[in-house]
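Residue numbers start at 1 and run along the sequence shown.
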Amino acid sequence: TTTSTTVTTTTTNTTTTTATTTTTSTETTSFTTTVTTTASTTTATTTTTTTATTTLSTTTTTTTKMWMVESGPCELVGPCISSPNFPENYDDHQSCEIYVPPGVTEVISVVAFDTEADHDFLVVNGIGYSGRYRDTPAGVTPTSNITWSSDTSVAKSGWKICLWPPTTTATST
């Protein structure tokens, strides 16, 4: 989710300065008296207008906490992780560790699940899942790292799981 907010503030300051100058001069001459008086008034008005515009831009990005392959040949594509070589058979004696960050709220959605029952395990929250679709981590919110391990015999097509936000089911009464 990306949210952008732009705030524009305009400030106008007007300053008016008035200066008045009065000058008076007197001139006096003896014998004949001449008096000249000059009075002068000057008024100057200066108006200064300053406009300041401030633009504040904020971008907020919300990122879903996602898992990642920490070790081994498992593959991460978008929000999904799959066993090695999926949809082809995984190899014998393989293992992976999938890092699950703290605070994940998404649930696991199972796209495919076919492993050697009771021998090759995908472990989520300490529970081992194996077999073909009957025993999967669908709907589970992972709270710790996930591990995958295959033994040294039968190999199957493996699994593909994704992290999706939990779905809510509306019921009417």
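- The shortest distance between side-chain heavy atoms of Asp91 and Ser150 does not fall below 4.5 Å.
- To the nearest 0.5 Å, atom CG of residue Asn145 and atom CE of residue Met68 are 9.0 Å apart.
- For the residue pair Val110 and Ala138, the shortest heavy atom distance occurs at CG2-N, 3.6 Å.
- At a threshold of 4.5 Å between non-hydrogen side-chain atoms, the residues Glu106 and Trp164 do not count as touching.
- Note that CG of Leu163 and CE of Met66 are 5.0 Å apart. Values are rounded to the nearest 0.5 Å.
- Put simply, NZ on Lys160 and CD1 on Ile81 are 11.5 Å apart, with the number rounded to the nearest 0.5 Å.
- One N or O on the side chain of Trp67 and one on the backbone of Pro79 form a donor-acceptor pair closer than 3.5 Å.
- Of all the heavy atoms in Pro142 and Val100, the pair that sits closest is O-CG1, 3.7 Å.
- Under the 4.5 Å side-chain heavy-atom criterion for grouping Ile, Leu, Val, Met, Phe, Trp and Tyr, Ile161 is not connected to Val123 through any hydrophobic cluster.
- Note on Tyr99 and Val104: same hydrophobic cluster, where clusters join Ile, Leu, Val, Met, Phe, Trp and Tyr whose side-chain heavy atoms are under 4.5 Å apart, directly or indirectly.
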Exercise for the section: Report the C-alpha separation of Ser144 and Asn125 in whole Å, then their side-chain angles, then the decisive distance to 0.1 Å, and conclude whether the side-chain contact (heavy atoms from CB on, under 4.5 Å) test is met. Expected result: CA-CA 6 Å; Ser144 60; Asn125 297 343; 4.0 Å; yes

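- Listed by chain and residue number, nothing satisfies the salt bridge (Lys or Arg N to Asp or Glu O under 4.0 Å) test with Asp135 (two or more places apart in sequence, or in another chain).
- Glu75 contributes atom CD, which lies 8.5 Å from atom OG of Ser83 (distance to the nearest 0.5 angstrom).
- In this structure a side-chain-to-backbone donor-acceptor pair under 3.5 Å is present from Thr115 to Gly131.
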Handout entry: Chi angles and distances behind the ring-ring contact (aromatic ring centres under 6.0 Å, His included) call for Tyr90, Trp148
Key = CA-CA 11 Å; Tyr90 52 82; Trp148 159 250; 4.9 Å; yes

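- Here the side chain of Asp114 pairs no donor or acceptor atom with the backbone of Gly158 at under 3.5 angstrom.
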Practice task
Any chance you could lay out the side-chain contact (heavy atoms from CB on, under 4.5 Å) test for His119 and Val154, step after step, and finish with the verdict?
Solution key: CA-CA 9 Å; His119 295 282; Val154 179; over 6 Å; no

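- The minimum heavy-atom distance between Ala155 and Asp92, with the atom names listed, is CB-OD1, 4.0 Å.
- Clustering ILVMFWY residues whenever any of their side-chain heavy atoms sit less than 4.5 angstrom apart, transitively, puts Trp159 in the very cluster that holds Val69.
- No continuous path of ILVMFWY side-chain contacts below 4.5 Å connects Leu76 to Val111, so the two sit in separate hydrophobic clusters.
- Using a 4.5 Å cut-off on side-chain heavy atoms (C-beta onward), Val107 and Val140 make no contact.
- Grouping the Ile, Leu, Val, Met, Phe, Trp and Tyr side chains by contacts below 4.5 angstrom, directly or via other members, places Phe121 apart from Ile146.
- Here disulfide (SG to SG under 2.5 Å) pairs that include residues 91-138, with residues two or more places apart or in two chains, are Cys74-Cys96.
- With rounding to the nearest 0.5 angstrom, the CD atom of Glu88 is 11.5 Å from the OG atom of Ser82.
- Counting only residues at least two apart or on different chains, no disulfide (SG to SG under 2.5 Å) pair has a member in residues 100-156.
- Side-chain contact annotation: Ser130 with Asp120, donor-acceptor N/O pair under 3.5 Å absent.
- Taking the side chain as every heavy atom from C-beta outward, Ser149 and Gln94 never approach each other to under 4.5 Å.
- In terms of heavy-atom proximity, Phe86 sits nearest to Ser157 at CD1-O, 3.3 Å.
- Contact check for Glu116 versus Asp151: side-chain heavy atoms found under the 4.5 Å cut-off.
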